[in-house]
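To keep things clear, I will list the structure first and then write my remarks on it.
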Amino acid sequence: MLSPRFLLLRSTASLTSRSFSGGAVLKQGKAPDMAEVRNRLREIVGASTNWSDHQQAMSERLSLSDMLAKSQDDLPLKRMKDSRLEVHLPLGSEPQLREKYLTFHNTVRFGRILEDLDSLAVLISYSHTHNPALKKTPLSIVTALVDKIDMRQHIIYPDCDIKFSGHVTWVGKTSIEAKMHMSQYQNGAYSPILDATFVMVARDPENKRAAYVNPLKPEGPEEEKLFQEGEANKVRRVELSTASLLKVAPTDEERKIVHGLFLNTLDTKTVSFRSRLLPPNSVWMEDAKLKGLEICHPQERNIFNRIFGGFLMRKAYELGWANACSFGGCRPSLMAVDDILFQKPVEIGSLLLLSSQVCYTQGNHIQVRVHSEVFDPLTRQHNTTNVFHFTFISDREVPNIIPMTYGESMLYLDGKRHFNQTVEP
Ligand SMILES: CCCCCCCCCC(=O)SCCNC(=O)CCNC(=O)[C@H](O)C(C)(C)COP(=O)(O)OP(=O)(O)OC[C@H]1O[C@@H](n2cnc3c(N)ncnc32)[C@H](O)[C@@H]1OP(=O)(O)O
């Protein structure tokens, strides 16, 4: 795992003796770097620093199960400000840090930002669930969903300081919604770069069963509004999942779109269902794929000895970007990320197959879906672990993407739904 060097500027109340990540105490005037933050996270969950100790560390965590709350009512109410964090990424003032974030084209690697956001969401969640009476937390908090990342500005400069901030905005019984903002220092002030919403889920010390999190008490109309939005987000997520094209047929309008695409590819000379012709300025979906393989080494493990969610996002993003770049014939910018679902943990040692597909285009926009699955070479079984959705914008019109099979048509419609949701909500 290659996490950035964060400098914590301010947690909730004061830097003097406040815990920001479930037990870690900040000393006044001393801003911890990311190594310290990671060490603290390891301390909080009792994770091993060496892979060779991981089994012992996990067995020690087992004893923490007794500390889990039996019901949510047993846990004290928390306020939004209990989890509020502000973190500094000094790309401008610390040039040696820049290297890790730099692209060949002198912009910031967005994959690295995804890793940072993931770490921040974990920190925020541990701040919310912090119990000062416990030395180690019994909770294993994992990323379940990146609900949305909206880009407010497409260019992130590699030589200007960055600031992240965020806090818990909604909680369910065992899940936590965290909203984060990123801004960059330019021309004497910080201007917004992106807004992100993550859903984290609390599990028992072994990461096997769901575990209760503290209830959240919004204070004042602004916090009430955020909480209501969180509630609405939950309802929307359930509705979206119910309407998934993997479960139900497309709508009437969507069926017409698919049929229109089909008719547009028929060969008028042969009048056959089988003979298909690619319309001008178009690319078959089959020809808009890019694949990759990752061997999941212990270095990329998270504090629970699974593959770090941020690493998976970085790899998926970079593959998706390369595919969009190859498809559009120029370097695209990211417009939005939505609905990144972490369905199953990725075990250390897994073979991770990543497959990206341009699934929808409109004007100069490219919608890319990246699917990741673990492959067991001994049993030859494949298991989907993640699905990622990225919306890119190119500086020129891109070709139309055309599905040939029914399955591809569903991918096309799913891509269109994601595009409409993020770009034309
Ligand atoms: C060293 C320092 C570095 C710091 C970084 C540390 C990073 C640590 C974070 C990670 O890297 S985590 C790694 C990436 N994530 C994963 O591997 C998670 C993989 N997915 C899973 O394990 C399961 O799918 C998951 C635990 C997320 C959900 O499992 P289930 O579907 O069985 O959950 P369940 O039905 O028990 O529901 C539990 C809660 O999750 C909620 N939930 C489940 N799936 C969801 C979803 N897709 N969207 C929103 N909420 C979801 C569900 O509503 C419910 O909330 P409430 O109790 O509040 O109602």
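Note that ligands are numbered from 1 as they come in the structure, with each ligand's atoms numbered from 1 the same way.
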Tell me which one of [options] gets a heavy atom nearest to [atom].
| atom | options | value |
| --- | --- | --- |
| atom 16 (C) of ligand 1 | Ile141, Asp118, Thr143, Val238 | Thr143 |
| atom 39 (C) of ligand 1 | Thr174, Asp339, Ile340 | Thr174 |
| atom 23 (C) of ligand 1 | Arg209, Glu347, Met200, Gln343 | Gln343 |
| atom 41 (C) of ligand 1 | Leu123, Leu145, Val201 | Val201 |
| atom 13 (C) of ligand 1 | Ser241, Gly309, Ala144 | Gly309 |

Just which atoms of ligand 1 are under 4.0 Å from any heavy atom in [X]?
| X | result |
| --- | --- |
| Val199 | 49 (C), 50 (N) |
| Lys344 | 19 (C), 20 (N) |
| Phe308 | 5 (C), 7 (C), 11 (O) |
| Gly172 | 58 (O) |
| Leu341 | 47 (N) |

Is any side-chain heavy atom of Asn214 closer than 4.5 Å to a side-chain heavy atom of Leu77? no
Got Arg306 and Val346 here, is their nearest side-chain heavy-atom distance under 4.5 Å? no
Is [X] close to ligand 1, meaning an N/O of one under 3.5 Å from an N/O of the other?
| X | value |
| --- | --- |
| Leu312 | no |
| Ser119 | no |
| Lys173 | yes |
| Val142 | no |
| Lys234 | yes |

List the atom pairs, donor and acceptor, that lie under 3.5 Å between side-chain atoms in residues 66-73 and the rest of the protein, sequence neighbours left out.
unit_1 : atom_1 : unit_2 : atom_2 : d
Ser71  : OG     : Asp73  : N      : 3.0
Gln72  : NE2    : Gly172 : O      : 2.8
Gln72  : NE2    : Val213 : O      : 3.0

Indicate every side-chain donor-acceptor pair of residues 216-225 with a distance under 3.5 Å to a residue at least two apart or in another chain.
unit_1 : atom_1 : unit_2 : atom_2 : d
Glu223 : OE1    : Glu219 : N      : 2.7
Lys225 : NZ     : Glu229 : OE2    : 3.4

State which residue, out of Glu115, Glu318, Glu99, fulfils the salt bridge (Lys or Arg N to Asp or Glu O under 4.0 Å) condition with Arg109. Glu318
Check His181, Lys179, Lys148 against Asp195 for a side chain to side chain donor-acceptor pair (under 3.5 Å) and give me the one that passes. His181
Single hit among Glu373, Gln343, Lys344, His371 for side chain to side chain donor-acceptor pair (under 3.5 Å) with Thr384: His371
Under 4.0 Å between a side-chain nitrogen and a carboxylate oxygen: does that hold for Asp147 and Arg236? yes
Please find out if less than 6.0 Å separates the ring center of Tyr317 from that of Phe390. yes
To the nearest 0.5 Å, what is the distance between CD1 on Ile113 and CD1 on Ile162? 4.5 Å
4.0 Å heavy-atom contact, Ile307 with ligand 1: yes
Tell me whether ligand 1 is touched by Arg203 - counting only heavy atoms on the residue side and a distance under 4.0 Å. yes
Give a yes-or-no answer on whether the side chains of Asp161 and His88 include a donor-acceptor pair shorter than 3.5 Å. yes
